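Contents: one structure, followed by commentary.
Only a predicted model underlies this, so the values are computations on that prediction, with no experimental measurement involved. By convention here, the first residue in the shown sequence is residue 1.
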Amino acid sequence: MEEHIINLDYPPKKRWEFLLNYKEEINALLQCYLNDFEEADFIFENVKEYKELFISQEYLEEIDFIASITDFSSDQVLIANLYYDILKFYFGCTAFAVNTEYGMLHSRNLDWHTDNELLSKHSKIFDFQRNGKTIFKSVGWVGFIGVLSGIKPCKFSLTLNAVLSDDSPEIAAPVSFLLRDVLSTCDSFQEAKGKLENINIMSDCLILLSGIEKGDKVVIEKTPKRFQTRETNKNHIIVTNDYKLIRNNLSPDNGILQATSCGRYNRAEELVLKEKPQSIQDCLNILKDDKVMMGITVQQMVFNNTTGEIRLIKTSD
């Protein structure tokens, strides 16, 4: 699997210079995201104030560089990076963490509406390093600087699932940037858990966080105003696209992701209980089950939290 080093010792505008070889890919991906915002002029009208309040100078400089090698402005690149927070109803997923004799395995299907399999074909692994050593790794796409799926080797991993609540949205930093911050700055499962529970977010989300010890696996359910942390005494924990602890008055049939969430959750649990996964391949077999995998699945991945290994399958292959 193609993997790129992001050298955090470099100034922000130099970290992504390898993207010079991917201009066509980035343009296609950015256009794909922005097509969904054609009727949302208010987003562009307010982006200047938003980035001054909530986007760090470091990330703005990274965005500026990406814009400089594409056909899009810095504001357009930033808005594309906010896709989850603005249009999360396109974005699903099934994820689970399970203890094995080889350590904690953290697995996920990334389900995301896309045309022409763009997101799947252009999936890559990014290795964020300081002083020549890996700080964390993420699975994403060129031109996207945040994190939806990431691992801090020998520490923890995290993945983001979409969910909808009846809470009103808040103006806050984008979730994908906050997840990158957690991977960059937190040094343990407990530290990451505390930060994820207490940070303000723009939109609803479910975060599966797993560490390296047997009990280190939780689902942090969040709305812009509330959070509940779901723990378990079982050997595994599963998350799809519905709240288990947070009280929510929104209809469970609000969109395909919510309507299929319970079915995917129940099937994944059935398979985990039927034959406990012991390897990365066992986990992938569950992700590939026809009652777990969706037609919009673009990535399938398994993290070994102890070794830092990532197995990534692009469904377009």
Item to check | Worked check of side chain to side chain donor-acceptor pair (under 3.5 Å) between Asn27 and Tyr22 | outcome: CA-CA 9 Å; Asn27 279 329; Tyr22 294 95; over 6 Å; no
Checklist entry - Is Lys152 salt-bridged to Glu191, going by a charged N under 4.0 Å from an acidic O? => result no
Checklist outcome for this item: Given the options Lys274, Arg264, Arg267, Asp289 meets salt bridge (Lys or Arg N to Asp or Glu O under 4.0 Å) only with Arg267
Next on the checklist: Hydrophobic cluster membership, with links at side-chain heavy-atom distances under 4.5 Å among I/L/V/M/F/W/Y: are Leu60 and Ile6 in one?
Outcome noted: yes
Checklist entry - What is the minimum heavy-atom distance between Val77 and Asn81, and which atoms define it? => result O-ND2, 2.9 Å
Item to check | Asp242 and Ser261: CA distance, side-chain angles, deciding distance, side chain to side chain donor-acceptor pair (under 3.5 Å) verdict | outcome: CA-CA 6 Å; Asp242 60 325; Ser261 180; 2.8 Å; yes
Item to check | Pair Lys124 + Glu25, salt bridge at N-O below 4.0 Å | outcome: yes
Item to check | Sidechain N-carboxylate O distance under 4.0 Å for Glu62, Lys13 | outcome: no
Next on the checklist: Quick one: does any side-chain atom of Lys222 pair with a main-chain N or O of Asp204 as donor and acceptor, under 3.5 Å?
Outcome noted: no
Checklist entry - Which is it for Asn266 and Glu270 under the side chain to side chain donor-acceptor pair (under 3.5 Å) test, yes or no, and what are the steps along the way? => result CA-CA 6 Å; Asn266 292 338; Glu270 176 188 349; over 6 Å; no
Checklist entry - Should Phe303 and Thr159 be marked as a side chain to side chain contact (heavy atoms under 4.5 Å, CB included) after you check the CA-CA gap, both sets of side-chain angles, and the distance that decides it? => result CA-CA 10 Å; Phe303 300 139; Thr159 50; 4.2 Å; yes
Checklist entry - Considering all heavy atoms of both residues, which atom of Ala28 and which atom of Leu118 are nearest to each other, and what is their separation? => result O-CD1, 3.8 Å
Item to check | Salt bridge flag under 4.0 Å for residues Glu117 and Lys314 | outcome: no
Item to check | With Glu309 via salt bridge (charged side-chain N to carboxylate O under 4.0 Å, His left out) - residues at least two apart | outcome: none
Next on the checklist: Ignoring hydrogens, what is the shortest heavy-atom contact between Ser203 and Pro224? Give both atom names and the distance.
Outcome noted: CA-CG, 4.0 Å
Checklist entry - Asn99 and side-chain contact (heavy atoms from CB on, under 4.5 Å): which partner among Ile212, Asn235, Asp216? => result Asn235
Item to check | Test salt bridge (Lys or Arg N to Asp or Glu O under 4.0 Å) applied to Arg15 and Glu58, step by step | outcome: CA-CA 11 Å; Arg15 294 171 182 170; Glu58 175 186 13; 2.6 Å; yes
Checklist entry - Are Thr100 and Gln278 close enough, and set up right, to give a side chain to side chain donor-acceptor pair (under 3.5 Å), and what steps lead you there? => result CA-CA 5 Å; Thr100 75; Gln278 290 292 343; 4.7 Å; no
Item to check | Lys276 (side chain) donor-acceptor with Leu273 (main chain) under 3.5 angstrom | outcome: no
Checklist entry - Between Lys244 and Tyr265, is NZ or CZ placed under 6.0 angstrom from the six-membered ring centre and within 45° of the ring axis? => result yes
Checklist entry - Which residues pass the side-chain contact (heavy atoms from CB on, under 4.5 Å) test with Glu231, sequence neighbours left out? => result Lys193, Val218, Thr229
Checklist entry - Does Trp16 have its ring centroid less than 6.0 Å away from the ring centroid of Phe126? => result yes
Item to check | side-chain contact (heavy atoms from CB on, under 4.5 Å) partner of Leu284, chosen from Asp282, Ile280, Ile286 | outcome: Ile280
Next on the checklist: If you count heavy atoms of other groups shown closer than 6.0 angstrom to CD of Glu275, is the number above 12?
Outcome noted: no
Checklist entry - Checking ring pair (Phe, Tyr, Trp, His ring centres under 6.0 Å) against Tyr33, which of Trp141, Tyr84, Tyr83, Phe144 comes through? => result Tyr83
Checklist entry - Do His4 and Phe18 make the cut of ring centroids closer than 6.0 angstrom? => result yes
Next on the checklist: Check this for me, if you would: do Lys51 and Asp75 make a salt bridge, where the nitrogen-to-carboxylate-oxygen distance has to be below 4.0 angstrom?
Outcome noted: yes
Checklist entry - Any idea how Phe54 and Tyr50 line up, ring-wise: parallel (<30°), tilted (30 to 60°), or perpendicular (>60°)? => result tilted
